[in-house]
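Scope of the values below: all heavy atoms of this structure, side chains included, with no hydrogens, waters or symmetry mates.
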Amino acid sequence: MTWAGGSCGVWIGTPDARVTAVTDIDPARAAEAAEPVGARVLPDGAAVAAADDVDAVLVTSWGPTHAEHVLGAIAAGKPVFCEKPLATTAEDCLRIIDAETAHGRRLVQVGFMRRYDAGYRQMKQVIDSGRIGAPLIVHCAHRNPTVPQSYTSAMAALDTAVHEVDVLRWLLDDEIVSTQVVTPRATAKRFAHLKDPQIMLFETAKGVRIDLEVFVNCQYGYDIQCETVGEEGLVRLPDPAAVGVRTAAQHSTEVLTDWVGRFRDAFDTEFREWIAGVAAGQEPTGPSAWDGYAATVITAATVEALESGRVVSTDLKPRPACYGGAA
């Protein structure tokens with residue numbers, strides 16, 4: 001049995017774990033989350049990480065607080081699952097990497113759930129098998145029906161494209177070395193302050209070119225597309241399964257309208273596999289602190305590219321050996 005400690009009142013619906021303690025900036029919300037699962041409310045993240053009956057920590061608080069909670073869990077020597085972003089600055093990500101490296105083994109997993117989606121996993125198997133030859137080009141789209149007025153142009157990279165940034169690094173087993181943003185004709189459906197859509201252009205260390213359309217006011221639904229073109233073929237992410245309906249001289253299939261329906265199973269798989277690893281005493285095998293650092297640096301460079309109109313190098317630090325870098 002694994003005992004999981006939450007950092008903002010989220011509980012894990014799996015028989016292999018239970019929540020023993022939660023905290024939140026709003027104590028009333030923490031109590032509301034704790035009561036149904038029989039957990040107690042603690043004053044802050046440090047208290048959660050230090051609690052004797054907490055074996056692992058789940059961080060889903062506001063992004064700027066992530067580094068503090070993750071570092072607290074590392075200091076306590078406890079596995080920690082941190083929803084993206086790992087931290088909001090490269091400097092804080094590097095502090096986490098330094099702390100984990102000093103600890104001597106991986107404790108941190110970052111919540112990039114697309115690696116756990118069945119379609120993306122099938123794509124990964126095809127690419128790794130060599131069936132399509134060496135990857136040359138990747139075409140992607142990330143479309144939302146609408147976004148609220150609080151959504152900014154920078155969030156297209158920091159909150160939306162960050163998912164593609166991580167999953168593409170994983171799919172290709174390659175690093176993104178430069179980024180550029182092109183802004184086509186803007187949709188009239190956006191709020192006036194927002195640049196939408198955006199086309200993000202990435203280049204990897206192996207020379208793969210990636211184009212990503214981020215269109216967050218597409219109106220028609222939540223639509224995630226990915227196609228990898230190789231020397232000998234291509235592999236395309238499947239659309240979610242949906243029945244075909246023929247009526248009134250039309251043939252139609254449903255289009256999802258939010259991320260919940262599209263990636264619910266991926267979230268469940270992500271947590272269940274993490275919990276199983278913690279219960280077995282294994283190091284995390286999912287997205288690492290280094291992956292969290294890379295995503296933060298690359299998305300920040302993409303915002304710089306949007307604002308400057310230039311091609312921007314990502315300039316990642318050398319990857320430490322414990323994360324698969326050169327010894």
Heavy-atom check, side chain of [X] versus side chain of [Y], under 4.5 Å:
{"X": "T299", "Y": "V165", "value": "yes"}
{"X": "D174", "Y": "L168", "value": "no"}
{"X": "V177", "Y": "S313", "value": "no"}
{"X": "T302", "Y": "L158", "value": "no"}
{"X": "D166", "Y": "R115", "value": "yes"}
{"X": "V208", "Y": "V138", "value": "yes"}
{"X": "R262", "Y": "T257", "value": "no"}
{"X": "V245", "Y": "H251", "value": "no"}

Do [X] and [Y] belong together in a cluster built from hydrophobic side chains that touch within less than 4.5 Å?
{"X": "L256", "Y": "F263", "value": "no"}
{"X": "W170", "Y": "V126", "value": "yes"}
{"X": "L237", "Y": "F215", "value": "no"}
{"X": "V167", "Y": "F267", "value": "yes"}
{"X": "V216", "Y": "V260", "value": "yes"}

Taking atom [atom1] of [X] as the centre, report whether more than 12 heavy atoms of other residues, nucleotides or ligands fall under 6.0 Å from it.
{"X": "E32", "atom1": "CD", "answer": "no"}
{"X": "D128", "atom1": "CG", "answer": "yes"}
{"X": "R121", "atom1": "CZ", "answer": "yes"}

For ring pair (Phe, Tyr, Trp, His ring centres under 6.0 Å), just list the numbers for Y116 and W274, CA-CA rounded to whole Å, side-chain angles, deciding distance to a tenth of an Å, and then say yes or no.
CA-CA 11 Å; Y116 298 85; W274 176 68; over 10 Å; no

For Y151, run the side-chain hydrogen bond (donor to acceptor under 3.5 Å, both in side chains) check against T160, T146, N144 and tell me which one passes.
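Of the listed options, the one satisfying the test is T160.
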
Over all atoms of both residues, closest heavy-atom pair of [X] and [Y]:
{"X": "S153", "Y": "K195", "answer": "OG-N, 2.9 Å"}
{"X": "A21", "Y": "A39", "answer": "N-CB, 3.9 Å"}
{"X": "V48", "Y": "T23", "answer": "CG2-CG2, 3.9 Å"}
{"X": "L71", "Y": "A99", "answer": "CD2-CB, 3.8 Å"}
{"X": "C226", "Y": "L171", "answer": "SG-CD1, 4.3 Å"}
{"X": "T179", "Y": "I298", "answer": "CG2-O, 4.4 Å"}

Can you label the angle between the H142 ring and the H163 ring as parallel, tilted or perpendicular, going by 30° and 60°?
tilted

Between [X] (side chain) and [Y] (backbone), is there a donor-acceptor pair under 3.5 Å?
{"X": "T65", "Y": "W62", "answer": "yes"}
{"X": "T253", "Y": "V243", "answer": "no"}
{"X": "R106", "Y": "P284", "answer": "yes"}
{"X": "H69", "Y": "V57", "answer": "no"}
{"X": "H66", "Y": "E83", "answer": "yes"}
{"X": "S308", "Y": "R310", "answer": "yes"}
{"X": "E68", "Y": "G45", "answer": "no"}
{"X": "Q180", "Y": "S178", "answer": "no"}
{"X": "D44", "Y": "A47", "answer": "yes"}
{"X": "R272", "Y": "T269", "answer": "no"}

Verdict with reasoning, L194 to T152, per side chain to side chain contact (heavy atoms under 4.5 Å, CB included)
CA-CA 6 Å; L194 183 61; T152 66; 5.6 Å; no

Test: [X] and [Y] ion pair at under 4.0 Å:
{"X": "D55", "Y": "K78", "value": "no"}
{"X": "D98", "Y": "R95", "value": "no"}
{"X": "R143", "Y": "D223", "value": "yes"}
{"X": "E232", "Y": "R131", "value": "no"}
{"X": "E175", "Y": "K206", "value": "no"}
{"X": "R185", "Y": "D196", "value": "no"}
{"X": "K124", "Y": "D117", "value": "no"}
{"X": "E100", "Y": "R105", "value": "no"}

[atom1]-[atom2] distance between [X] and [Y], expressed to the nearest 0.5 angstrom:
{"X": "E283", "Y": "C322", "atom1": "CD", "atom2": "SG", "result": "9.0 Å"}
{"X": "T228", "Y": "L234", "atom1": "OG1", "atom2": "CG", "result": "8.5 Å"}
{"X": "E231", "Y": "L136", "atom1": "CD", "atom2": "CG", "result": "5.5 Å"}
{"X": "C140", "Y": "E227", "atom1": "SG", "atom2": "CD", "result": "9.5 Å"}
{"X": "E91", "Y": "I96", "atom1": "CD", "atom2": "CD1", "result": "12.0 Å"}
{"X": "R169", "Y": "I210", "atom1": "CZ", "atom2": "CD1", "result": "10.5 Å"}

Quick one: name the residues clustered hydrophobically with I97, using the 4.5 Å side-chain heavy-atom rule over I, L, V, M, F, W, Y, and just say none if it's on its own.
L94, W290, Y293, V297, L316, Y323

When clusters are formed from ILVMFWY side-chain contacts under 4.5 Å, directly or step by step, what else is grouped with L201?
V182, I199

Give the intermediate values and the outcome of side chain to side chain donor-acceptor pair (under 3.5 Å) for residues Y120 and R114.
CA-CA 7 Å; Y120 277 111; R114 289 205 189 174; 3.1 Å; yes

Start with the C-alpha gap between T60 and F81, add the side-chain angles, then the distance that decides, and say whether side chain to side chain contact (heavy atoms under 4.5 Å, CB included) holds.
CA-CA 9 Å; T60 58; F81 183 102; 5.7 Å; no

Apply side chain to side chain contact (heavy atoms under 4.5 Å, CB included) to residues F112 and V162 and explain how you reach the verdict.
CA-CA 9 Å; F112 289 116; V162 64; 3.8 Å; yes

Applying salt bridge (Lys or Arg N to Asp or Glu O under 4.0 Å), can you list everything that pairs with E270, at least two apart in sequence or on another chain?
none

Trace of the side chain to side chain contact (heavy atoms under 4.5 Å, CB included) decision for E164 with I224:
CA-CA 10 Å; E164 275 79 14; I224 303 298; 4.3 Å; yes

